[in-house]
Amino acid sequence: MTAVSPNRTVPDLLDINGDRLWSSLMELAQVGSYEDSETGLVGVNRQSLTDADAEGRNLLVGWMESAGLDVCIDEMGTIFGRREGLDPTLRPVVAGSHIDSVGTAGAFDGCLGVLGALEIVRSLNDQGMRTRRPLVIAAWTEEEGVRFGTDMLGSAVAAGRLTLDYAYDLVDAEGLRFGDELDRIGFKGTQPVVLEPPHAYVECHIEQGPVLLRDDVAIGIVTGVQSISWQKVILHGRAAHAGTTPTELRVDAGLAAAQIVVKVREMVDSGSYGRLRATVGHIATSPGLPSVVPDRAELTVDLRNPDDEQMAAAERDFAAFLDTLPELQPCSGLKVATKRMAKTSHVPFDHRVQDVIAKAAADLGHQPVTLMSGAGHDAQEMAAIAPTAMVFVRGQHDGISHNPREYSTPDDCAAGITVLANTLLRLSDESADESHDELTEPLTDETDDV
Ligand code: HGY
Ligand code: MN
Ligand code: MN
């Protein structure tokens, strides 16, 4: 065992138990599992505050308690597990992610970061080790936002960007209210939701993209998260007979919806908005009958851009396009409404924390690449209140995610959590006065992909 620093009883490099991590990941993946017809694989559908999410939450709480953590639940249902440090007066180092999932998920998105932090605690317990600062694991509520329409919800309220009342009043597609669902599953906690800023926050997550696989590296150091814009567009036309209504007399909400889908792809292909990505993930017309011209359509538009100005230009031009939709109809009368669902700017991560990750990764023999995250993460909310950065782990199958084909190997998962472990231990060693004011130079030019 290498030397133990005076500030802690932990060796300079901590090993974790990769098999135990893997078996926890696979066990949690059984909760909310389903037979995916598209891939023939077992997928995961554990959307937030559903019974499946409640089952996953209770499994996690049980594991945390068995690992000797003090577990508490905040007013947003976020689960915290605290392991006391040698000096309990020092602000904790927090590691976390989420265990809620989209409807067609794999086993790793979010879960790797939560169960990886739990594995670090289990390994410290096995070796009878104590860190200087307290360690806290966070499993944030409704990171995905796919049920209640706003992503990173639990961490955004904890960081003070969104209010508890706003969150509680969000409703899902069936009109069920977030606050009531939190109550129903028994996770409306009493811990005040606005979080005391921790000493630092580090999240380990699968990359969910192709960069690490392309560069043949297991570990990525994340420099920040690109901007995100989610909006719902609601279109009102006029129901009419599909057979008897001449085209020139139609106000076709379905046509307008299709024009939006084509328009956002044209905006991306135009190259006028930098590395804009656009997705219409949800589109529905009503009454949805073969012989009726749709009188209503709704769709979601997800825009992403690493550059805030180019995102603003894209949003501006998209709004201007929506204004022209009525004129594109053969007959007047189309009504267009929009509803903002989520909006976050590009968030840069703390250079010093990135440095600590880089040194831990190098000490473990990795040559990580640095890259910006294409996906949103709870870390982007924590970055507002504490020095924050992320560790990415390589995904297989082109890094596909939000799909049951999402996969990372046991070795890469263990490698990522070992880097996380040694990052947390070093951050945990820092004394109270080691501020994070100075920003060191960026590590290296980040990979040009998000
Ligand atoms: O949408 C996202 O980027 C994340 O998966 N919530
Ligand atoms: Mn995630
Ligand atoms: Mn996700």
Side-chain angles (χ1 to χ4, degrees), residues 25 28-29 32 43-48 53 56 60 78 95-117 138-157 159 161-162 170 201-209 211 220 222 224-232 275-282 300-306 311 341-347 371-383 388 390-395 399-408 413 416 420 449-450:
L25 278 166
L28 180 56
V44 176
N45 182 0
R46 208 171 42 238
Q47 296 182 51
S48 63
D53 183 33
L60 175 64
T78 291
S97 195
H98 61 96
I99 62 169
D100 67 294
S101 81
V102 295
T104 54
F108 304 88
D109 179 354
C111 303
L112 177 61
V114 175
L115 299 185
W140 303 103
T141 296
E142 182 59 318
E143 186 278 343
E144 295 292 1
V146 292
R147 181 178 176 196
F148 292 97
T150 301
D151 55 359
M152 279 70 77
L153 188 60
S155 48
V157 177
R161 178 170 68 84
L162 297 174
L170 289 173
Y201 177 83
V202 189
E203 180 166 350
C204 180
H205 204 288
I206 52 164
E207 178 204 338
Q208 299 180 291
V211 175
V222 188
V225 176
Q226 68 175 338
S227 65
I228 302 174
S229 158
W230 282 7
Q231 50 186 315
K232 180 178 282 186
R275 298 206 298 264
L276 176 70
R277 286 181 179 151
T279 310
V280 174
H282 165 77
T300 57
V301 177
D302 173 322
L303 303 177
R304 310 280 177 121
N305 201 309
M311 171 64 96
M341 297 166 69
K343 174 91 180 113
T344 47
S345 306
H346 162 244
V347 174
L371 69 166
M372 189 187 297
S373 175
H377 298 287
D378 294 305
Q380 72 186 80
E381 301 298 337
M382 284 298 105
T388 294
M390 292 181 73
V391 181
F392 265 178
V393 168
R394 172 172 47 193
I400 191 168
S401 183
H402 288 187
N403 181 299
R405 295 186 67 234
E406 174 190 84
Y407 186 77
S408 184
C413 288
L420 176 68
D449 274 19
V450 280

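Numbers here simply count residues along the sequence, with the first being 1. Atoms within each ligand, like the ligands themselves, are counted from 1 in listed order. Computed from a predicted structure; not experimentally measured.
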Checklist entry - Can you tell me which residue and heavy atom of the protein come closest to atom 6 (N) of ligand 1, and the distance to 0.1 Å? => result Glu143 OE2, 3.0 Å
Checklist entry - Is the shortest N/O to N/O distance between Trp230 and ligand 1 below 3.5 Å? => result no
Item to check | SB check Arg161 Glu381 (cutoff 4.0 Å) | outcome: yes
Checklist entry - Under 3.5 Å between some N or O of ligand 1 and some N or O of Asp109? => result no
Item to check | Reference residue His98; test side-chain contact (heavy atoms from CB on, under 4.5 Å); the match among Asp109, Leu153, Asp151, Val114 | outcome: Asp109
Checklist entry - Closest N/O/S atom of Glu144 to the Mn ion (ligand 3), by atom name? => result OE2
Next on the checklist: How long is the straight-line distance from CZ of Phe392 back to OG of Ser373, given to the nearest 0.5 Å?
Outcome noted: 3.5 Å
Next on the checklist: Please list, in number order, the atoms of ligand 1 under 4.0 Å from a heavy atom of His402.
Outcome noted: 5 (O)
Checklist entry - Is there an N/O/S atom in His98 at a distance below 2.8 Å from the Mn ion (ligand 3)? => result no
Next on the checklist: Is there a side-chain contact between Trp230 and Arg304 in this structure, where contact means two heavy atoms from C-beta onward sitting under 4.5 Å apart?
Outcome noted: yes
Item to check | Shortest protein heavy-atom distance from atom 1 (O) of ligand 1, along with the residue and atom involved | outcome: Arg304 NH2, 2.9 Å
Checklist entry - Which pair of non-hydrogen atoms, one from Ser227 and one from His346, has the smallest distance, and what is that distance? => result CB-N, 3.5 Å
Item to check | Expected output: side-chain Ser401 to main-chain Glu406 donor-acceptor under 3.5 Å | outcome: no
Item to check | Which of the ligand 1 atoms, numbered from 1, are nearer than 4.0 Å to a heavy atom of Ala375 | outcome: 3 (O)
Checklist outcome for this item: the Mn ion (ligand 2) has as its nearest N, O or S atom from Asp109 the atom OD1
Item to check | Short N or O distance, Gly376 and ligand 1, threshold 3.5 Å exclusive | outcome: yes
